[in-house]
Amino acid sequence: MYKVLLVFKDENISEKIKRMNIWGENSEFEISAVAKDGAAAYDEVRKQHYDLAVMQTDIDGMDGLQLLRHIRGERLCSCVVLFSSEPNFENARQGIIYGAFDYLTEPLTEKSFCSIFDRIENRTDKKEEVYHSEEILSCIEQHGGNLEKQLADTRTDIYNIATDNVLAENAVISTYDNVVNELFKQNEWLDLYIPHIDVKEYVGIERTEDAERAVIETANEVWELYPKVQNPQMQDVILYILNNPESDLKQKTIASKLYMNSSYLSTVFATQTGMRFVDYITTVRLKRAGWLLKNTEMKITEIALRLDYKDVGYFSQLFKKQYGIVPSQYRLPDNYNYQI
């Protein structure tokens with residue numbers, strides 16, 4: 001049986017959950033304990049390990065997000081699901097950052113719980129691998145997190161758990177492979193800018209170091225192209241641009257498509273991202289140009305026009321400023337010595 005802990009200050013909700021016809025032999029999940037506040041829940045998970053904790057975000061003593069951070073940081077419970085009576089975007093976002101398995105709102109249904117149960121059962125065989133992947137992804141999500149330290153800690157944890165070094169190395173590489181695959185899954189636009197690295201094929205002689213480099217390189221691309229913003233409208237703007245790098249990306253055009261004032265877009269975008277709108281467009285277009293140079297046989301003039309650069313000389317100038325070489329040199333194989 002999978003052991004479940006409920007943490008709800010609202011007894012009516014916890015009683016409703018307990019009455020659902022989904023526990024015990026019906027699912028192999030069983031409610032082992034109920035806590036009414038954060039302090040009591042924290043004591044409970046420190047006494048014994050739970051497979052799943054379902055907790056209200058606004059509990060007393062220690063709110064759900066604080067408790068989640070303690071649980072995940074100390075590895076006291078495999079999966080934590082947050083619940084809020086009213087949808088709260090910030091709580092959901094913070095929950096994902098801190099490693100929540102899911103986020104539920106009203107109405108609570110048997111179907112929603114059964115879906116969670118299925119996902120937990122499907123990942124049990126790779127529990128440690130998935131756990132460490134989620135930790136790394138949470139670090140990347142925070143942008144300011146120390147990714148290299150997180151990767152080093154992950155490697156240390158896995159080596160401490162594994163029975164021999166070969167198994168440990170394979171587990172580390174599989175974990176990093178999971179992270180890269182998940183980054184491409186979460187950011188579908190990423191395929192327009194960089195090749196999808198298969199970590200298990202990418203690694204060479206220094207296997208774990210190469211695997212770490214693959215994670216860092218992919219994370220750097222995400223950070224560069226997808227700046228972290230709090231404003232939902234600016235997030236929509238960024239996602240529109242990333243998904244349509246070869247479209248008309250003029251400020252007025254995008255503002256019109258997304259039903260916002262052009263001046264507002266410019267001002268808020270700069271405030272939220274720390275860069276000018278036009279500079280961000282240039283970064284995205286040049287990154288797309290790099291992909292087209294490496295992966296197609298299009299002429300440089302065609303690529304420039306496709307990305308709305310009518311002056312190929314100006315396009316080449318921008319490209320060299322960004323990457324240190326002109327487009328024709330960038331297109332050459334990585335091991336080609338073009339210097340005379």
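V278 and M234 fall into different hydrophobic clusters, where Ile, Leu, Val, Met, Phe, Trp and Tyr are joined by side-chain heavy atoms under 4.5 Å apart, directly or via other members. Both Y264 and F277 belong to a common hydrophobic cluster when Ile, Leu, Val, Met, Phe, Trp and Tyr are linked at side-chain heavy-atom distances under 4.5 angstrom. Under the 4.5 Å side-chain heavy-atom criterion for Ile, Leu, Val, Met, Phe, Trp and Tyr, M260 and I254 are members of the same hydrophobic cluster. Grouping the Ile, Leu, Val, Met, Phe, Trp and Tyr side chains by contacts below 4.5 angstrom, directly or via other members, places L239 with W223. Residues V229 and V284 fall within the same hydrophobic cluster, defined by Ile, Leu, Val, Met, Phe, Trp and Tyr side chains chained together at heavy-atom separations under 4.5 Å.
Side-chain contact between L249 and T253 is absent, with no heavy-atom pair separated by less than 4.5 Å. Side-chain contact between R69 and L65: absent, with no pair of heavy atoms (C-beta onward) separated by less than 4.5 Å. The shortest distance between side-chain heavy atoms of I116 and L104 falls below 4.5 Å. Between I300 and S328 there is a side-chain heavy-atom pair separated by less than 4.5 Å. Residues Y42 and H70 have side chains in contact (heavy-atom distance under 4.5 Å, counting atoms from C-beta outward). Under the 4.5 Å side-chain criterion, counting only non-hydrogen atoms from C-beta, E135 is not in contact with D153. The closest side-chain heavy-atom distance from F101 to L82 is not below 4.5 Å. Contact annotation: the side chain of D51 never approaches that of C79 to less than 4.5 Å [non-hydrogen atoms, C-beta and beyond].
Between the side chain of T273 and the backbone N or O of M275 there is at least one donor-acceptor pair closer than 3.5 Å. At least one donor-acceptor pair closer than 3.5 Å links the side chain of S27 to the backbone N or O of I22. Distance alone, capped at 3.5 Å, is enough to place a donor-acceptor pair between the T296 side chain and the L292 backbone. When atom types are taken as modelled, the side chain of W189 and the backbone of N244 share no donor-acceptor pair closer than 3.5 angstrom. With hydrogens and angles disregarded, a donor-acceptor distance shorter than 3.5 Å links the side chain of D177 to the backbone of V199. Under a 3.5 Å cut-off, the side chain of Q66 and the backbone N or O of D63 do form a donor-acceptor pair. Looking only at distances, a side-chain donor or acceptor of T156 sits under 3.5 Å from a matching main-chain atom of A152. Distance alone, capped at 3.5 Å, places no donor-acceptor pair between the N187 side chain and the L190 backbone. A donor-acceptor pair under 3.5 Å is formed between the side chain of R285 and the backbone N or O of L307. At least one donor-acceptor pair closer than 3.5 Å links the side chain of Y176 to the backbone N or O of L151.
Classified by interplanar angle (parallel below 30°, tilted 30° to 60°, perpendicular above 60°), the ring pair F315/F319 is tilted. Note: F184 and H196 have parallel aromatic rings, judged against thresholds of 30 and 60 degrees for the angle between ring planes. Ring pair Y330/Y323 is tilted by interplanar angle, where 30° to 60° counts as tilted.
Scanning both residues, A35 and L5, for their nearest heavy atoms gives N-CD1, 4.3 Å. In plain terms, the two heavy atoms of G64 and I59 that are nearest each other are N-CG1, 3.7 Å. When all heavy atoms are compared, the tightest approach of L192 to P245 is CD1-CD, 3.9 Å. Taking each heavy atom of L293 and R331 in turn, the nearest pair found is O-NE, 2.9 Å. Summarising the geometry of A39 relative to M62, their closest heavy-atom pair is N-CB, 4.4 Å, with the distance given to 0.1 Å. Here the shortest heavy-atom pairing between S14 and L6 reads O-CD1, 4.1 Å.
Between the OG1 atom of T283 and the CG atom of L318 there is a distance of 10.0 Å, given to the nearest 0.5 Å. Annotation: the span from N181 atom CG to T218 atom OG1 amounts to 9.5 Å, rounded to 0.5 Å. We find the CD-OG1 distance between Q272 and T267 to be 12.0 Å, quoted to the nearest 0.5 Å. Here the OG1 atom belonging to T301 is positioned 12.0 Å from the CG atom belonging to D311, to the nearest 0.5 angstrom. The OG1 atom of T208 sits 10.5 Å away from atom CD1 of I158, with the distance rounded to the nearest 0.5 Å. In this structure, F269 CZ and D279 CG are separated by 9.5 Å, a value rounded to the nearest 0.5 Å.
The environment of CD in E302 is crowded: more than 12 heavy-atom neighbours from other residues, nucleotides or ligands sit within 6.0 Å. When the shell of 6.0 Å around CD of Q230 is examined, it contains more than 12 heavy atoms from other residues, nucleotides or ligands. Heavy atoms from other residues, nucleotides or ligands lying under 6.0 Å from NZ of K9 number more than 12.
With ring centers used as reference points, F8 lies under 6.0 Å from F83. With ring centers used as reference points, W23 lies 6.0 Å or more from Y2.
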Please walk me through it: do E224 and K287 pass side-chain contact (heavy atoms from CB on, under 4.5 Å)? CA-CA 10 Å; E224 180 182 13; K287 185 69 71 173; 3.4 Å; yes

From CA spacing to verdict: side-chain hydrogen bond (donor to acceptor under 3.5 Å, both in side chains), Q186, Y226: CA-CA 12 Å; Q186 292 176 1; Y226 195 11; over 6 Å; no

CA sep, side-chain torsions, deciding dist, call: W291, I194, side-chain contact (heavy atoms from CB on, under 4.5 Å): CA-CA 6 Å; W291 189 94; I194 62 171; 5.7 Å; no

Test side-chain contact (heavy atoms from CB on, under 4.5 Å) applied to N21 and N26, step by step: CA-CA 7 Å; N21 191 32; N26 291 326; 3.0 Å; yes

Working for side-chain contact (heavy atoms from CB on, under 4.5 Å), residues V81 and F113: CA-CA 10 Å; V81 172; F113 278 96; over 6 Å; no

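Judged as a salt bridge (charged side-chain N to carboxylate O under 4.0 Å, His left out), and not counting sequence neighbours, K299 has no contacts. Take S256 and apply the side chain to side chain contact (heavy atoms under 4.5 Å, CB included) test, not counting sequence neighbours, and it matches no residue. Under the side chain to side chain contact (heavy atoms under 4.5 Å, CB included) criterion, S32 pairs with K3, Y50, sequence neighbours left out.
For the residue pair S262 and Q251, a side-chain donor N or O sits within less than 3.5 Å of a side-chain acceptor on the partner.
No salt bridge links K36 with D60; every basic N to acidic carboxylate O contact stays at or beyond 4.0 Å. Comment: D210 engages R213 in a salt bridge, judged by a side-chain N to carboxylate O separation of less than 4.0 angstrom.
Both tests do not hold together for R276 against Y280: distance to the six-membered ring centre under 6.0 Å, angle to the ring axis within 45°.
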